[in-house]
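Notes to accompany the following structure.
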Amino acid sequence: GQQVQQSPASLVLQEGENAELQCNFSTSLNSMQWFYQRPGGSLVSLFYNPSGTKHSGRLTSTTVIKERRSSLHISSSQTTDSGTYLCALSNYGNEKITFGAGTKLTIKP
Amino acid sequence: EAGVTQSPRYAVLQEGQAVSFWCDPISGHDTLYWYQQPRDQGPQLLVYFRDEAVIDNSQLPSDRFSAVRPKGTNSTLKIQSAKQGDTATYLCASSRDWVSAETLYFGSGTRLTVL
């Protein structure tokens with residue numbers, strides 16, 4: 001089955017620094033999505049990005065299928081960016097969606 | 001449009017007790033997922049439906065867990081005899097058509113504590 005590895009497991013930055021989060025997958029993918037989760041909160045979709053690069057404000061997602069990786073870049077981080085970032089994906093012709101373990105991001109003021 | 005609705009928000013049980021979780025997906029979403037998320041871990045798929053049919057329940061502990069979606073709309077996840085290891089947040093999600101670039105929407109989850 002699909003294996004999903006996220007790195008780093010945790011990341012602590014000062015406000016204003018940039019964050020780079022990685023998601024690596026073991027087999028070809030059909031669809032992938034990045035989510036944000038505040039402690040005790042539900043998951044909120046950030047990007048649906050099975051290939052290429054997408055931007056949303058200070059966030060950028062880049063998925064390179066042949067390298068089996070996707071990244072999430074947060075520029076000029078803010079304390080409100082603190083939380084857990086999860087990637088989720090599925091294989092071709094399959095709606096079974098597998099999540100990574102997440103990256104716990106802490107932004108210090 | 002209304003989001004994915006789950007209830008109850010919290011549940012606290014003694015070992016051996018039963019509990020049911022309820023999920024109302026977004027209208028028109030034919031695919032519904034149940035995930036278990038232990039503390040500080042990513043969500044782990046338990047079961048998913050397309051309409052009323054179970055597509056994959058291979059990760060559902062069948063001796064104690066059951067899930068139904070009888071009319072292809074609302075769904076119920078039941079734990080027959082809870083164990084401390086079942087302590088986790090149970091998340092329901094729905095999608096119109098994931099494989100055609102439709103995104104996945106989550107409910108607020110039910111936080112279960114088994115004492």
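Order of the sequence lines fixes the chain letters, A, B, ..., with proteins taken first and strands second; residue numbering starts at 1 for each chain. Atoms considered below: every heavy atom in the structure, side chains included; atoms not considered: hydrogens, waters and symmetry mates.
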### Task
Side chain from CB out, backbone as N, CA, C, O: work out which of these in A:Leu43 comes under 4.5 Å of a heavy atom of chain B, or both, or neither.
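Both backbone and side chain of A:Leu43 come within 4.5 Å of chain B.
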### chain B contact via A:Gln37 - which portion, at a heavy-atom distance below 4.5 Å
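Only the side chain of A:Gln37 comes within 4.5 Å of chain B.
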### Pairwise side-chain contact, B:Gln36 with B:Pro43, heavy-atom cut-off 4.5 Å (strictly under)
no
### Query
With a cut-off of 6.0 Å (strictly less than), are more than 12 heavy atoms of other residues, nucleotides or ligands near CZ of B:Arg39?
no
### Message
If you count every heavy atom of other residues, nucleotides or ligands that lies below 6.0 Å from A:Gln5 atom CD, does the total exceed 12?
### Response
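For A:Gln5, atom CD is not crowded (no more than 12 foreign heavy atoms under 6.0 Å).
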### Task
Carefully, step by step, assess B:Cys92 and B:Tyr33 under the rule side chain to side chain contact (heavy atoms under 4.5 Å, CB included).
CA-CA 6 Å; B:Cys92 177; B:Tyr33 302 81; over 6 Å; no
### Task
Mind jotting down which residue pairs meet the ring-ring contact (aromatic ring centres under 6.0 Å, His included) criterion with at least one end in residues 55-85 of chain A? Sequence neighbours excluded, please.
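Listed by first then second residue: A:Tyr36-A:Tyr85.
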### Query
Which one of B:Ser108, B:Ala93, B:Gly109 has the most heavy-atom pairs closer than 4.5 Å to chain A?
B:Ser108
For residues 53-60 of chain B, please give each side-chain donor-acceptor pair under 3.5 Å, one per line with the distance, not counting sequence neighbours.
unit_1  : atom_1 : unit_2  : atom_2 : d
B:Asp56 : OD1    : B:Ser58 : N      : 2.9
B:Asp56 : OD1    : B:Ser58 : OG     : 2.7
B:Asp56 : OD2    : A:Lys96 : NZ     : 3.3

### Query
Is B:Asp86 salt-bridged to B:Arg64, going by a charged N under 4.0 Å from an acidic O?
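Yes.
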### Message
Quick check: under 4.5 Å, non-hydrogen atoms only, which of residues 99-109 of chain A neighbour chain B?
### Response
A:Phe99, A:Gly100, A:Ala101
### Summary
If one checks every heavy atom of B:Gln44 against chain A at 4.5 Å, the contacting part turns out to be neither
### Query
Which residues pass the ring pair (Phe, Tyr, Trp, His ring centres under 6.0 Å) test with A:Phe47, sequence neighbours left out?
none
